[in-house]
Amino acid sequence: MHAYRTHTCGQLRKTDVGQTVRLSGWVNRRRDHGGLIFIDLRDHYGVTQCVIEPGDAAFAVVDTARSEWVLTFTGKVVDRLEGTANADLPTGQVELRIEQAEVQSAAQELPLPVFGDMDYPEETRLAYRFLDLRRERLHKNIMLRSGIIRSLRNRMHEQNFTEFQTPILTASSPEGARDFLVPSRRYPGQFYALPQAPQQFKQLIQVAGFDRYFQIAPCFRDEDGRADRSPGEFYQLDMEMSFVTQDDVFAAIEPVLSGVFEEFAGFTGKTRTVDKAPFRRIPYAQAMLEFGSDKPDLRNPIRIADVSTVFGRADVEFKAFKGKTVRAIPAPGAGAQARSFFDKLNDWARSEGAPGLGYVILEDEGGVLTGKGPIAKFIPAAALADIAKSVNAKAGDAVFFAADKEDRAARLAGLARTRIGHELGLIEPDAFRFCWVVDYPMYEWNEDEKRIDFSHNPFSMPQTDRESFLKFSGADDKDALLALKVFQYDVVCNGYEMLSGAIRNRDPDVMLKAFEIAGYPNSETEARFGGMLNAFRFGAPPHGGLAVGLERVVMLLAGEENIREVTMFPLTQQGQDLLMSAPSDASAKQLKELHLKVVYPDKT
RNA sequence: GGGGGCGUAGCUCAGUUGGUUAGAGUGUCGGCCUGUCACGCCGAAGGUCGCGGGUUCGAGCCCCGUCGCUCCCGCCA
């Protein structure tokens, strides 16, 4: 007989009755009846009830066992007594009569109970992550993550993509985040950078003629965390392909994404619907107008409309909105809400730094639409009708207003849309709604520094021909440049950015020009991205690709709202590993080898 | 870097207007219990109220500072 087990703890069934078997696992739960003891033994595969009576040889050993001890039991599989079967347990028809028991490892009193599904403080969970990972929910999430990765790989292979590894020790890459640096021992004062993404490498792979590349790629960015964004490191499904248009890239990834979502949609036990390919496409400008965000949550039925012209009219005398961009957010059925509903939203808007959130409640008075609320008296009937029409509102609804400079009004309207949608219970449940956001602007105006900046990835292809692009002059063509769009695209699911990509700019002259417009002299562009620029001078195929945020996919499918719940060993929000104690001091010897001296910040 | 929330027994939490000896559940330890599956019953031990300072006759509670975790803003195309 095997030293530790003949079966797993999730395996035994009625057909095994009569066999002598051996199981190993952790004590999930111990129930001591004095006369007999039940031990629920748990391993990766499941739980099996084991039982022993005082006269039995191994009783003394089993009697000492406590939660989370690791034990090996040998004994006979028996049918459960009439009426004592457990229908909730796959192994619940049988139990193990313990004949021999061996303690493999005892456990101290637990800082974090494994049994049960209570919430525990993040600090405890991370410091004892090995215990937290034993718990059912996290254990399942991590297995889901592995299954998703396997599925993504298979689906990419099915479409003739090939997986390649790219370097971890490399040079600073073109993404805009802060780099993690690794000091060089052999080159004093010089540093490697960990890749923010394999961006340049995957483009070089295309130039090298490998065509359809993908990788489950680790990425490193020294930026602060959020609930949906781990600090420091994360994984992407990174892909790139040659001789493709934007439509080709879309067609390649849509079945992968919808396929993997469909495959795992049942994970939470609920039936969740998944949008089929092709996904809806929304131009960036439309997204900012109707959703107030470039991450539209399509489960929310509310659509924002611009009503600036209505408030600009002479017959509308509400001075606070004059000369501003005014966005209207309909709140279907909100007329029935108590005053506190409106006050709470107004307080919330103030906490977001807005002066407030104006609103009117629409009512029907003898077939005529009238407005109620603090600012209703400033809006004559004709204007009210126009506003109601623009957001498809009717009597019984309310309409909120966000008024500010255009970008701020759009943002506030977007946040209000999300909040109102949730408060009114309008969010479609149990659905994954996908869309492409396309036609991003190439540049944006940096008001602080009074100059033109790249708005997203500087390596995307502008949506104009080479000749007209090369003719642009930064200062004189400001308006034209800010209106210029690029072949850059995101997929958004339920308000989360799932992936981001672009058709790449592979023309060295256009690239130098693009950087020049953003204020980088050619010498600097050559110095920073010379490797890739140079490659483009030796026969570069048209190419494009994208990268899917792996943790976001797992998070959505797991039904979790925090990325730590789908990460095996996450850092705290402050970027520390409480289990391994990272970061930590380097020894004097290490620093000397690396030619480094630490200068601590002044304490004031 | 900034703003909000939290920090009380091993763990999860309660703790009134600032007032006597800081409580409960769970776990641990001891006793009882032969059919439980969150087993049950009885008892015991277990506290730097995150840390430091202050106000007060008196602070878990109020004030100041600080540390940790977290959510958000900045940042992350």
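For the numbers below, each heavy atom of this structure counts, side chains included, while hydrogens, waters and symmetry mates do not. First the proteins, then the strands, lettered A, B, ... as listed; each starts at 1.
- In this structure, A:L112 atom CG and B:G10 atom P are separated by 15 Å, rounded to whole Å.
- When rounded to the nearest whole Å, the span between CG of A:D577 and C1' of B:G68 equals 16 Å.
- A distance of 9.5 Å separates CG of A:L546 from CD of A:Q236, quoted to the nearest 0.5 Å.
- Of the listed nucleotides (B:C72, B:G10, B:C33), B:G10 has the atom at the smallest distance from the side chain of A:P111.
- The OH atom of A:Y128 sits 9 Å away from the C1' atom of B:G10 (whole-angstrom rounding).
- The distance between atom OH of A:Y443 and atom P of B:A77, rounded to the nearest whole Å, is 18 Å.
- Each of B:C37, B:A77, B:U12 was ranked by its minimum atom distance to the side chain of A:S500; first place goes to B:A77.
- Of the two residues near RNA chain B, A:R552 and A:L126, the one whose nearest nucleotide lies more 5' is A:L126.
- Closest contact between the side chain of A:Q574 and the listed nucleotides B:C39, B:C76, B:C69 involves B:C69.
- Of the P atoms belonging to B:U12 and B:G27, the separation is 15 Å, rounded to the nearest Å.
- Rounded to a whole Å, the CD atom of A:Q49 is 10 Å from the P atom of B:A38.
- Distance alone, capped at 3.5 Å, places no donor-acceptor pair between the A:D238 side chain and the A:F214 backbone.
- With A:D56 contributing its side chain and A:E53 its backbone, the two residues share a donor-acceptor pair below 3.5 Å.
- Nucleotides B:U16 and B:G4 place their C1' atoms 26 Å apart, quoted to the nearest Å.
- The phosphate of B:C69 has OP1 or OP2 within less than 4.0 Å of a side-chain N or O from A:Q576.
- Here, B:G46 and B:G10 have their C1' atoms 9 Å apart, quoted to the whole Å.
- Counting non-hydrogen atoms under 4.0 angstrom, A:F38 reaches a base of the nucleic acid.
- For the OP1/OP2 pair of B:C39 and a distance below 4.0 Å, the side-chain nitrogens and oxygens of A:R31 include at least one atom meeting the criterion.
- Out of B:C39, B:C71, B:U34, the shortest distance to the side chain of A:R29 is found at B:C39.
- The A:R564 side chain lies nearest to B:C71 when the options are B:C71, B:G10, B:A77.
- Residue contacts shown for A:L89 are absent, as no nucleic acid heavy atom lies under 4.0 Å away.
- Between the side chain of A:E95 and the base of B:G35, a donor-acceptor pair under 3.5 Å is found.
- Comparing B:U34, B:A77, B:C72 against the side chain of A:L36 picks out B:U34 as the nearest.
- Side-chain atoms of A:T84 lie closest to B:C37 of the nucleotides B:C11, B:A77, B:C37.
- In this model, the phosphate group of B:G35 is not approached by any side-chain N or O of A:N86 to a distance below 4.0 Å at OP1 or OP2.
- Ring orientation note: the planes of A:F250 and A:Y489 are nearly perpendicular, at an angle over 60° on the 30°/60° scale.
- Atom P of B:C61 sits at a distance of 25 Å from the matching atom of B:G2, rounded to the whole Å.
- Rounded to whole Å, the P atom of B:C71 lies 26 Å from the corresponding atom of B:C63.
- Put simply, CG on A:L96 is 20 Å from P on B:G35, counting in whole angstrom units.
- Contact annotation: side chain of A:R221 to base of B:C75, donor-acceptor pair absent below 3.5 Å.
- Residue-level contact check: A:E53 touches the bases, meaning some heavy atom is under 4.0 Å from a base atom.
- Note on A:R226: every side-chain N or O is 4.0 Å or more away from OP1 and OP2 of B:C75.
- In the set B:U70, B:G35, B:A77, the nucleotide with an atom closest to the side chain of A:Q199 is B:A77.
- Between B:C29 and A:R66, a contact under 4.0 Å exists linking OP1 or OP2 to a side-chain N or O.
- Closest contact between the side chain of A:E223 and the listed nucleotides B:C75, B:A38, B:U34 involves B:C75.
- Nucleotides B:U28 and B:A9, compared at atom C1', are 12 Å apart to the nearest Å.
- The distance from atom CD of A:Q196 to atom P of B:C76 is 10 Å, rounded to the nearest whole Å.
- With ring centers used as reference points, A:F529 lies 6.0 Å or more from A:Y520.
- B:C69 is paired with B:G5 under the Watson-Crick or G-U wobble criterion, all donor-acceptor distances under 3.5 Å.
- Counting distance only, with no hydrogens placed and no angle test, the side-chain atoms of A:R97 and the base atoms of B:G35 include a donor-acceptor pair under 3.5 Å.
- On the C1' atoms, B:A59 is 11 Å away from B:G54, given to the nearest whole Å.
- Residue A:E122 is classed as a sugar-phosphate contact, given heavy-atom separations below 4.0 Å to backbone atoms only.
- Per the stacking criterion (ring centres < 5.5 Å, plane angle < 30°), A:H33 stacks onto the base of B:C39.
- Between A:S455 and the phosphate of B:A77, there is no side-chain N or O to OP1/OP2 separation shorter than 4.0 Å.
- Across the strands present, B:G74 finds no partner; the criterion is a Watson-Crick or G-U wobble pair with both atom distances under 3.5 angstrom.
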Pairs under 3.5 angstrom, nitrogen or oxygen only, protein versus nucleotides 3-6 of chain B, please.
none

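- Distance CD/A:E240 to CD/A:Q199: 6.5 Å, rounded to 0.5 Å.
- Using a 4.0 Å cut-off between charged nitrogen and carboxylate oxygen, A:R129 and A:D132 count as a salt-bridge pair.
- Atom OH in A:Y120 sits about 15 Å away from atom P in B:A9, given to the nearest Å.
- Rounding to the nearest 0.5 angstrom, the gap separating the CD atom in A:Q11 from the CG atom in A:L23 is 9.0 Å.
- Comparing B:A77, B:A38, B:C11 against the side chain of A:P121 picks out B:C11 as the nearest.
- Of the charged side-chain nitrogens involved, none lies within less than 4.0 Å of a carboxylate oxygen, so that A:D40 and A:R29 do not count as a salt-bridged pair.
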>> Apply side-chain hydrogen bond (donor to acceptor under 3.5 Å, both in side chains) to residues A:Y440 and A:D490 and explain how you reach the verdict.
In response: CA-CA 9 Å; A:Y440 278 81; A:D490 285 4; 2.9 Å; yes
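- One finds no salt bridge joining A:D16 and A:K14 here, because no Lys/Arg side-chain nitrogen approaches an Asp/Glu carboxylate oxygen to under 4.0 Å.
- Position along RNA chain B of the nearest nucleotide to A:E497 versus A:L571 favours A:L571 as the more 5'-ward residue.
- With both pairing distances under 3.5 Å, B:U36 is matched to nothing as a Watson-Crick or G-U wobble pair.
- Nucleotides B:C33 and B:C39 are separated by 10 Å at their C1' atoms, to the nearest Å.
- One N or O on the side chain of A:S230 and one on the backbone of A:E233 form a donor-acceptor pair closer than 3.5 Å.
- The nucleotide B:C11 finds its pairing partner in B:G25, both defining distances of the Watson-Crick or G-U wobble pair being shorter than 3.5 Å.
- Between the side chain of A:R30 and the base of B:C37, no donor-acceptor pair of N or O atoms lies under 3.5 Å.
- As judged by a 4.0 angstrom heavy-atom cut-off over every strand, A:D222 is placed among residues making no nucleic acid contact.
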